Structures are given as C-alpha cells and as structure tokens.
**Student:** 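I'd like to ask some things about the structure below.
Everything quoted here is computed from the prediction, not taken from an experiment.
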Amino acid sequence: MSGGGGAGGENLEFTPTWVVAAVCTVIVAISLAAERFLHYGGIFLRKNNQKPLYEALQKIKEELMLLGFISLLLTVCQDSITKICVQPSVIRHMLPCNRGEKEHKETKTPTLHLQSFFSFPAISGKARRLLAEATEEESEAVSTAHYCARKHKVPLLSVEALHHLHIFIFVLAIVHVAFCVLTVVFGGLKIQKWKRWEDSIAKENYEPEVHQPKVTHVQQHAFIKKRFLGFDRDSGLQGWLHSFFKQFYGSVTQLDYQTLRLGFIMTHCRGNRKLNFHKYMVRALEDDFKQVVGISWYLWSFVILFLLVNISGWHTYFWMAFIPFFLLLAVGTKLEHVIIQLAHEVAEKHAAVEGELVVQPSDDHFWFRKPQFVLFLIHFTLFQNSFEIAFFFWIWVTYGFDSCIMGQIGYIIPRLVIGVFVQVLCSYSTLPLYAIVTQMGTHFKKAIFDEHVQAGLVGWAKKVKEKKKQKGESGQGGSHDASTVGIQLGSILSRASGQEQTPPAPSAEGSEHRLSSWVNDPKSDCCGWNRVECDPSSKHVVKLYLQRLFFIPPVLQGNNPSKEVSIDLSLFKNFKELRSLNLSDGQSQRLIHTEVLGNLSNLEVLILRKNSLYEPIQGFCELKKIRVLDLSYNSFHGPFPRCFGNLTSLQALDLSKNFLSGDIPTSAIARLNSLEYLSLLFNYFEGSFPLSLLANSSQLKVLALEMAADSEYKFQVETEVQGVPWVPSFQLEVLNMPNCKLNAPQGTLPSFLSYQHDLQYLDLSNNKLVGVFPNWLLVNNSNLRSLILHHNMFTGPFELPTNVDQNPHPLYDLQISNNKMAGELPKHIGCILPNLIYLNVSGNGFDGSIPNSLGNMSNLYALDLSRNNFSGEVPDSLWTSCASLGYLKLSHNSLWGQLFPSPLNMSQLVLLHLDNNYFNGTLQHGILKLPHLEVLDISNNKLWGTIPNFISEFSSLQVICLSENNFTGALPRELCKLDLQCIHLSYNKFSGSIPSCYVNLENLSKLYLQSNNLVGSIPQLWKTRNSLATLDLRDNNLSGSIPHWFYIRLPFLRALLLGGNHFQGHLPEELCQLKHISFLDLSRNHFTGNLPSCFNNVSFGAWTVRYIQSDFSLIPSDSSYHYPHLDLDLLFEQSWYYIPTEAGGVIEFRTKASLLSYSGDIQRYMSGIDLSCNQLTGKISYTIGYLDDLRALNLSHNHFSRSIPKSFHKLEKIESLDLSNNNLIGQIPFQLQDLNSLAVFNVSYNNLSGTVPNKGQFGTFGESSYIGNPYLFLNNSNRGTTILPPSNPTSDADDDESVIDFTSFYWSFVASYIIMLLMFAAILCINPRWRRA
C-alpha cells in the first residue's frame, strides 16, 4: 500500500497532527503527574525529617530511571534484535511450552503463550503479521519474518516477544516496589503497637521513687521461664522446634521487648536509661528499607536464571515458590532462636543477679556473626515472592489462564497460597522480629543518632582529614593545641576499611554521651574532653580511656555498619607523656603492632582486657614504669615472659584466661616485690610454684592461681619451705588456689594462713587437704565472705568458734561438701553464721538432727545437707523462717516425719529434694504453699495413699519424682494439666491403665512407670513427633502388640524399656526408625519372628552431637571480686554451687549379668540391647555388628540358629555379649579376639563346635562361658592347661528334654541306614520275579 488506509494503519506521514498532539499530551501529562507526585512526596518526607524514607523514595526513582533506560534500549535496538536470524533448529529446544500443544491451541487463540516468541511462517506454517502490512518501498524492516524467511532462517526474537519481555520487566519492578512498601507499612503498623510498651516503661523510669537494689533469681524471671529450655539444650533440636512454631504466634511479647530493650541500653548506652528504644528501632528499620526496595544485580541475575530454566515440563515456576517460603521460615526461626540463646546465656552464667536481669547482645548469635545477613535474606525473599506473583499475573493477562505456560490448576493454587502466606508472615511476624532482634548484635546502628548529629560527625571527620593533611603528623601528643590532639585522637579511631572512624556524639534522645564533648571546634581545649586527662601544667595528654570501642558506631562505613573496628597502636607513639591507657572490652578488635607500646616510656597503667589478642606477650617488657598491666581474657600463647621480672614497679599483673603454658620462672616472680594483685587464673601452667617466692611482696592483696579445668592438674603449689613454716609479710584479701595439688602428696593446710587476718575470699577446694576443719579462719578473718573447701579430706567434727555471738560473722558462702567430716552440725550455726546465702555440707558423715538455728538464716538461698546421716524430723524453723530459700536438698539421710506441715513459708522454693529418707504419711495440702516449685523429688520414702487432685495446681512444676513409695490407686490424670518434663512414679502400687495423655505431654522427655501393677496396652500417641527421650514401662502386666507407628512417632527416644511384660508379636523394621536410641530393653516378653535386618541404621550411642539434658542446677557463689585500690575486677568463673537434680535422670539396664544404674554424663557413653527371654527365631542379623558404640548385647534364651556373625568383631566397644541358650552352630569367630573391651562373654548351651579362641580377653573367660556345647573344645593355653570338653550335666538333660545327644543320634542314623539296605536286598532275593527283572 502506498500510503492510505489499510489493515495495518497509517504511519506518522499520514497521521493527522491533532491525533499526534493529543496522544503526546496525554502521555506527557501522566508522566509529569507521576514525577510531580514523587517529587512532592520527597519534599513532604524531608519536611517531616524522614530522611531514610526519602532516601528509599530516591531509590525507587533510580529503579524507574533504570527501567526507562531498559525501555529505551529495547525500543532503539528492536529492529537490530529482530533481524538476528538463526537456523530453525536453534530455537526448537528449551521451549517454555510444548510445540505440539501450542499448535493445537493456536487455532483458537491468536496469542497464547511465550511460544509466540518464535511463531513465524517458516515454523508454524501460518503467516501471522505482527506489524502493519507494508510494501517493499516503505520498509523492508517492517516484516522481520519475511526478512529472515528469504534467508531460509527465523528471527532470534520476534517483535511481539520483545514487547512482552519489555512489559514483564517493568511489571516485575513495580510489583516488587509495591510489595516492599506494603510489607514495611503493615510491619510498621505492628511495630507501632509496641509504642505503648515503650511509653509504659518511660513512665516507670520517670517515677521519683528510688528502689533499693534487689536480688533477681534468674530462673524465676518470667523471661527465662518462657525462653530457657534447660541446661545443655540452648542449641538442641527442641529449642529450634520451639523457635519455629513461636514465629507464628506471639513472636514478640511485651516481656521480650522489655528484656531486649534493657539489654541494648545497658550494653550500648548505660548512662541513658531513658533512651526511646522504640523510636531508635523504627529509625533503624527505615534505614534498612531503602536497601530492600532496590533491585540489585544479583536479583536481576535470578530473573535471568529463571527465564533460562523455565522449560516445558520442569514446572520451574512451581518449585520456585518454595524458595521464599523456606527462606522466610528459616529467618523467622533463627530470629526467635536468637532470643532463646540470649536467655540461655544468662541462665547458664547466673542463678541470681543483683538488680534487673540483663541480656548481653552479641554478633555470635547470628549467622556468620553478621546481623545484616538477615536483611539480605529478607530482601531476597521479598523479591522472589514479588517475582512469583508478578509472573503469574503477567502470564494471566498476556496469554490467558488456560495457556500452557500457566500450568495445571494443581500447580497454580499452591503458588498463590504460598505467595500470600509469605507476604502476610513477613509483614506481621518476620519484619517486626527483624526490627528488634537485630539490635541484639555487638554494634548499634547509626540510627541511634539524629540526622543533624550524623551530619556533624561526618563534617568533623572531613575537617580532621583536611587538618591532618595540612599539618602532617609532626605534632606532639601532649600539645596544648586542641586541633592537633583532635587529629591524633581521631586518627586512633580511623582504621576501618580505610575510612575515617569517629567517636560517638550525643545520643538520639539528646542526653549527654560519654564522648559528646569531642566537638569539631579547633578552639576547643581537648583537655576538657571526656575520656581525656591532661597534665594541669604542661597540658600534655596523660590519660586516655578508650574502653568498649567496639560499641562506637561506624557512621562512615556506608552500608556495612557491622564491620570491625581496627586500631593501629603505632598512632600512640606521639603521646610521649601518656601514663594511662585503657583499651579494654574491645572484643571484636585486632590490635596491630603491640610492640610499639614499648615506646611509651612513661606508661604506668595499661588495660587491654578482652581484646582477642594473640600476638607475642614479650612486647610489653619495655614498659619500665608500668604499675598496672591487665592482659586478661585474650588469646596469648607461649610461656610466662622472664623479662616481666624487670618490671619492678609492677603492682598489678592480670594474665587470666589466656593460653599461657610451661613453668612459671621463679626468678621473674621473686623480683616483683611491689605486687599487690597477681592473677594467673585459667591458664595452662605446669610444674611447681613455691609460694615463698612472694614472701617479700608485702603489699600483696590478691592472689589467684587456679588453672584451666582441662590442664590435667600439672600445676602444683607448695606453701611450705622444706617443711618449715614461714611468716609472710603480706596480708591477703583474696586467695584462690583450687585444683592446685596444694602441698601434695601430704595435703597439709598452708601454715601461713594462720597469719592472715584480712581475707575476704578463700578457695582451696579440690586439693585433698587433710586435718580438721580450720575454724580459726573465721576467728582470724572477721571480714571473710566466702570460704570454699569442698572436695578435700578434712576429718573430725565441724566446730565453729563460740566467741562471735555478740557480733555474727558476715560469711555468706560456706562450701565444705565432699569431705570426711563427722559428728553433729553445731547447734548454734544459725546464730554464728546468720548471713549465709549458700551452705553446702553434702557428702560428709554428719549425723544427729538438723539444727533449729538454721531458721535464723533469713537470707539463705541454697541449702544442701544431702548424703549425710542426719536423723529426726526437719525442724519447723526451717519450714517457716527461711522464706528466701530457693534450693533445698536433704536427700540420702535418715530423716522422718510428716511432710509439708501447714505453717509452711517457702514461697520462693524452686527445687526440693527429700528423696532417700524415711518420711511417711500422705501428701498434705501444705505443699500448695510452694507456688514456684519446679522440681519435686520425694522418692524412696515411706509415703502412701493416692496422689491428691490438687497436684494439678502446681503450674510451675516440671519434674515430679514419687518413686519407691507405697502410693496406690490409678495414675493421676491431673498430671496432664501440667507442663511436665519428667514423671517418675516407678516402684509403687499403681494400678489400671496408662493415661494416653502422659505420653502426649508437649514437653515431657522422661516417663518412668516401672514395677507397678499397670495393665492394658501401649498408650495411643496423638502427635506424629513426640518429645519423649526415656520411656520405662518395665515389670508391669502390659500386653498386646506394639504398633508400627509407635516407633515412628518417637524420633527422639533414647531409652525404650519394656521388659518384664506380656507384649507379643514381631519386631518390625520400623524399630530402626529410633535413630537416637541407646537403651533398648524388650526382654522377658513373648516376641516372636526374626530380628530386623536394619540395625546398621540405628545409632546405639553413636550420636552426631553427644549431649544429654543436664540434671543439675548452677548457683553462683562468689563470681567476682573488685579490688578498689587499682580498680580491677577478678572473675571466678568456675565458682559454682552444684545442686544435682537426678530426679528422673537414672536408667537401669542389665549388663554383665547385673542390673546397673546409669545417670548423668555416664549415659553418654553407655548403650545396650536386651532381647533376652523371648521366642525370637532365625539367624542373628549381621547388621548388629555395625553398631560401633554398642557396649552390651543380650540375645540369650531365644531360638536363634545358624552361626555367630563374623561382623561382631566390629563391636569394638562391646563389654558384655550374651548369646547363651539358643541353637547356634558353627565355630566362634576367631576375629572376636580383637574385642579388647569384652569383659563378659557367654555362649553356653548352644550347638557350637571347634576350638575356642584363647587370645586377648578370651584368655580370661572360664568354662561357664561355654558349657553346654559338647563339640566345643576349650584349649586354655593362657592358663597352661588343656581340658576335655565338658559334658552336659545329667540334671540339666533330665530337666530339659530339648537337649539332643548328637553322638547317639549319629550312631543310630548309621545303623538304621545299614539295616534298611539289608532289608531291601533281602526282599529282592526272596521275590523271584524281581530277581529275574
């Protein structure tokens, strides 16, 4: 056509001008309106000081500009792209849709799916015109299909496909931005609800009343109760499961918010308790939002990757929907688990704290120690979800719902459901979780500063750089010129990725920060700055307090605020007059060139505590004037530097918590006569350390020599000089020498202690010291607070001084457990020591009654009198007057009387152990006065009656142990109303069936019902995954078969004990689903059939992670000591008060022909199988030989046949192997001689033959191990004799008719065979017809 009308329409040459102008007007108007909307939106945000949101809006503009460029590029290059011609075979592969399906549907719909990218006449046989029809004279480029067809090729990409691709990219970006905005808006609405929590906290903080500091019992704190799951379980599977489900309901409670807020403030801005944490958190979230709305290069790469693999039949669009789904669940679970880890960290370190409970933020809780990695995952998740939704709607609108690329309805609905779920969960759970939990990192974010403060810091840093360039580094550190010192101090903090660091300025709420005085003013006198002290006359800088630098916000580090601060100590070389330098608590720092400190010749105080230093420690030997040197809590290796002996001015040396080893050079220590404070705690020193080396250190006040727990006791302290007592010139306040082999092997108490009068803390535990209790220590040291003497060998009575009645002693921690003391406790102990908080006298031989005077100890928190010989009734004063008691342990004594009298006053009691005594009667209502009780153990007493219904009122109860009493009746269903972790009701007289709710309690891990009169079958398991770890139902009258699902629904079971019942049926293959089983007792039942052949899939002790639930509580006694003279803190990290809570922690298992008990850590290393006394048949499965960690195997008294599997030689740790009373044949494999741990071996009464192995452990087994095997030869060369095979006892043969005499059997068989042959020959001879034949 030449120009006029036509089917294809007109080009601009023949289009009316008014039409062109009108269309342009509409397009330009819409574009300008959108641009103005964004522009005025930005103005509005700036006026309202919403800079982060304004920057996010700018980010959106950048994305739109990028899309505009992409659009322009596609439009300009359209002709060039469509004229790229390729062979038809090139585009026949990796198609989004099947070609046959496409050709079938194309007759109905002109444009169906992405296959139209390649719909040209040469392929489909149909000429579909995509552009206006045109003549050759108008343009050859009008029809690219014709252009390529003339070359017998096809276009690489059609115009229509290019157009659709163009639209898809644009739609994807718009949907992503819209979804991000919706997510932040909805998430922000939920976060906004937290503001009332912040307001209530602010109101409390502004109350004028001043409260006295109080002691908070950690495990009674509501936050710990909700988040702490028990010791050795902060990284266990149950914690992760709890975190997974917690994200769906109440992800952040008010208690969580208050606790995390307090932890943040006390760590990062302790001086500003009124910080508006909610406002800071919202600002930080707004800062992160601008990163989320962008589409980074790796996100575009994901789009390209998806378009590449979107191949027909692969259903890529369906599987892709699960990526954001699983990522979001993982992120939410991790964030919840961080809160649990914070609770565990506090609960494991402290049992009681003074004041409020404070969690410690740390990057260690996050993946790769980078909280920002969580933001990356959320960004990636939101983009993937946006891509999924955008792709769905684009396909729907462009190609129709029934197009082949849309897929089947079964793939569509899950995609949409997952997309909506991800959007809702991210908005209302994950994003609020991220907002608060990521504040629990080591560093705080720059959002804590207002915008003008941030701008001032940036300007300050820039000017510092300029001045540094102008003046160089020639200025002296002590110059009175403030600008020069400012440059030097600024440079000290400026080694993070080559960018300038800056000290903190005023906080976000306007209160003064510790470094707020570091202003950008050349006229400012730096001597007035915080943390800087100058000499008043010379104006030289003499003191710098730069501790806790890892909390300084890296304002100028761009988008990587979590990057570590690195300090170059060479910058200190100009501070020649510097006398004190504190760089402590820089946990994430790396200090470079420590030897440069030797140039600071005037340095007197150097604090480098907690800096992860690992460089040679000798670099500090040049500090000749040093008085205080604190290098504790680092990673220094190597020996104690001998050159430290040259630091004769040294008053305090703290090398605690390093990795120093070797002998301590006596000459170096002897020269340090000015020492007041010496701590070598928790290192790995060896050899002998004579304490007389410090005889001339007259000022010594603190001496701590405890070595690391895994140092194998190679360090020994000697206090006596050739057996001659010596009088020291010092008066100690702290002496810490546990685990030091003190005066070994004699174990005499250091005689110099009799000359000490100022002791406040004394720990000589675990040294095997002998003699009587040194009560003179209390007389001589009137200020003694802690006396720790447990795990020694003191004997005699426990006598206290009697001359302190008028002035009670201030001692509050007394530990004398695990000695050999005897006699009665002093009757007046409560009068002499009324201030005791911790009293532990367990594991001795004390007898008599419990003193009434214990009631005078009103502050008593933990009392352990267990494992003694106390008798009589518990005094009423203990029940009524010790209101602060939280832990009471009276087990393993001879106490008697009625439990829980009515005037009970122990409302704070958490743990109560009264087991293994002679208490009698029934459970009384008085027990209801223990509302916070968590552990109740009254086992092995003489209690009787039924379990009262009011037991369900103990809402905090977690462990109940009533075993070995005379309780009767049905098992109480009231226990199902409690959140119990352990139920121990064994060895009573309970009857009836087992309530199914017992095995379905959510957190129940141990259930012991052994030796009762229970009947019925295995309880129904309601849940598919129960948390039971131990199930003991032995020695009852239970019956029936064990259903297959029983094994599958107990994935965490470690001990399954069903012996001594009437169970029957086969042992199914599902038994091997118990992946973590260690104890399996199915003995003394009626099981039949063959053994499963899948034992190689079961662990039996071979755990990937070796841990069990800890069964003890930790109570800190003295955890620290502050030495005010030199302002130093000494931490006794191992000073813990152990209170075992074995209730429910013991497993009884028959091995080595005995019933043994396993508890605590021993359970980690014990595992066994007992299938004895059943009716099992067939061969013994060789797969049992693959149980490398198995220690006991009992298959006796069954009907097993065949031979002993040779694979048993792989049971390297087996200690007891009993295969007796079966029908086994063949030889005993000689490979079993390699079993070096085998202590008991029994194959008696089988049909074994051959020679018995006689090497290794087999040389120690007697005849009883092989009796009843007539063809088994015992050649006992190890014993030097050869004995004949033992004959089967007549009595046994008479009693057991199944025993076969094989010798008689063989002879009778041969005789019968010969007789039959003779008879047959005779018949042939007699019958003549047969003879003729």
Side-chain angles (χ1 to χ4, degrees), residues 591 594-595 597-598 603 605-697 699-719 730 732 734-742 744 1123 1126 1128 1130-1134:
L591 301 179
T594 54
E595 63 272 10
L597 293 173
L603 199 62
V605 177
L606 177 60
I607 310 294
L608 296 179
R609 183 187 187 91
K610 292 185 179 179
N611 274 288
S612 302
L613 300 178
Y614 50 81
E615 297 184 4
I617 199 172
Q618 285 79 6
F620 304 98
C621 293
E622 301 301 322
L623 303 175
K624 302 300 183 183
K625 295 183 180 181
I626 196 73
R627 294 188 301 105
V628 177
L629 181 59
D630 187 350
L631 306 178
S632 60
Y633 287 81
N634 285 289
S635 299
F636 290 116
H637 290 74
F640 187 100
R642 293 182 178 274
C643 57
F644 274 16
N646 300 326
L647 307 179
T648 54
S649 299
L650 201 60
Q651 295 177 343
L653 175 61
D654 195 341
L655 301 178
S656 305
K657 205 68 176 180
N658 281 286
F659 296 92
L660 302 174
S661 58
D663 293 343
I664 300 176
T666 56
S667 58
I669 297 295
R671 297 172 61 186
L672 302 178
N673 295 331
S674 300
L675 276 179
E676 299 179 27
Y677 181 109
L678 176 61
S679 175
L680 306 179
L681 286 174
F682 313 129
N683 280 283
Y684 296 85
F685 292 120
E686 303 175 359
S688 176
F689 183 83
L691 208 61
S692 58
L693 295 173
L694 302 170
N696 296 325
S697 301
Q699 301 300 317
L700 190 63
K701 299 294 183 182
V702 177
L703 179 60
L705 300 178
E706 180 180 2
M707 293 298 107
D710 53 348
S711 59
E712 300 179 356
Y713 302 104
K714 296 181 180 179
F715 182 71
Q716 178 177 351
V717 176
E718 298 177 356
T719 64
F730 51 74
L732 293 175
V734 172
L735 178 58
N736 173 270
M737 293 195 302
N739 309 311
C740 287
K741 297 174 63 177
L742 195 59
Y1123 186 56
L1126 298 176
L1128 293 175
L1130 189 65
L1131 300 181
F1132 308 113
E1133 290 192 346
Q1134 295 182 348

**Student:** Stepwise, does the side-chain contact (heavy atoms from CB on, under 4.5 Å) test hold for Phe644 with Leu653?
**Tutor:** CA-CA 10 Å; Phe644 274 16; Leu653 175 61; 4.0 Å; yes
**Student:** Kindly write out the residues that satisfy side-chain contact (heavy atoms from CB on, under 4.5 Å) with Thr648, not counting sequence neighbours, or none if the list is empty.
**Tutor:** none
**Student:** Kindly indicate whether the side chain of Pro738, heavy atoms from C-beta on, has any atom under 4.5 Å from the side chain of Glu706.
**Tutor:** yes
**Student:** side-chain contact (heavy atoms from CB on, under 4.5 Å) between Phe620 and Ile626: does it pass, once the steps are laid out?
**Tutor:** CA-CA 9 Å; Phe620 304 98; Ile626 196 73; over 6 Å; no
**Student:** Please check if the side chain of Asp654 supplies one atom and the backbone of Ser656 the other of a donor-acceptor pair under 3.5 Å.
**Tutor:** yes
**Student:** In Å, rounded to the nearest 0.5 Å, how long is the span from CZ of Arg627 to CG of Leu647?
**Tutor:** 13.0 Å
**Student:** For Gln716, check side-chain contact (heavy atoms from CB on, under 4.5 Å) against everything at least two apart and list the hits.
**Tutor:** Glu718, Lys741, Ala744
**Student:** How long is the straight-line distance from CG of Asn673 back to CG of Leu700, given to the nearest 0.5 Å?
**Tutor:** 11.0 Å
**Student:** Check each of Leu705, Leu680, Leu681 against Asn736 using the side-chain contact (heavy atoms from CB on, under 4.5 Å) test, and report the only one that passes.
**Tutor:** Leu681
**Student:** Are Asp663 and Glu686 side-chain neighbours, meaning at least one heavy-atom pair lies under 4.5 Å?
**Tutor:** yes
**Student:** How would you list, by chain and number, every residue that makes a side chain to side chain donor-acceptor pair (under 3.5 Å) with Lys624, sequence neighbours excluded?
**Tutor:** none
**Student:** To the closest 0.5 Å, what do you measure between CG (Leu678) and CG (Leu732)?
**Tutor:** 10.5 Å
**Student:** When rounded to the nearest 0.5 angstrom, what distance separates OG in Ser632 from CD1 in Ile607?
**Tutor:** 8.0 Å
**Student:** Partners of Asn646 by side chain to side chain donor-acceptor pair (under 3.5 Å), sequence neighbours excluded?
**Tutor:** Arg671
**Student:** How are the rings of Phe689 and Phe715 set to each other: parallel, tilted or perpendicular (split at 30° and 60°)?
**Tutor:** tilted
**Student:** Cys621: which residues meet the disulfide (SG to SG under 2.5 Å) condition with it, sequence neighbours left out?
**Tutor:** Cys643
**Student:** Looking at Leu672, is its backbone amide N or carbonyl O close enough to the side chain of Ser697 to form a donor-acceptor pair, meaning the two atoms are under 3.5 Å apart?
**Tutor:** yes
**Student:** Could you grab the distance from atom CD of Glu676 to atom CD of Gln651, nearest 0.5 Å is fine?
**Tutor:** 4.5 Å
**Student:** Under the side-chain contact (heavy atoms from CB on, under 4.5 Å) rule, collect the residues that match up with Ala668, sequence neighbours excluded.
**Tutor:** Phe640, Pro665
**Student:** Do Lys625 and Ser649 have side chains that approach each other closer than 4.5 Å (heavy atoms only, starting at C-beta)?
**Tutor:** no
**Student:** Can you confirm whether Asn739 sits close enough to Met707 that some side-chain heavy atom of one is under 4.5 Å from a side-chain heavy atom of the other?
**Tutor:** no
**Student:** To the closest 0.5 Å, what do you measure between CG (Asn658) and CZ (Phe682)?
**Tutor:** 12.0 Å
**Student:** Between His637 and Leu660, what is the shortest heavy-atom contact and its length?
**Tutor:** O-CD2, 3.6 Å
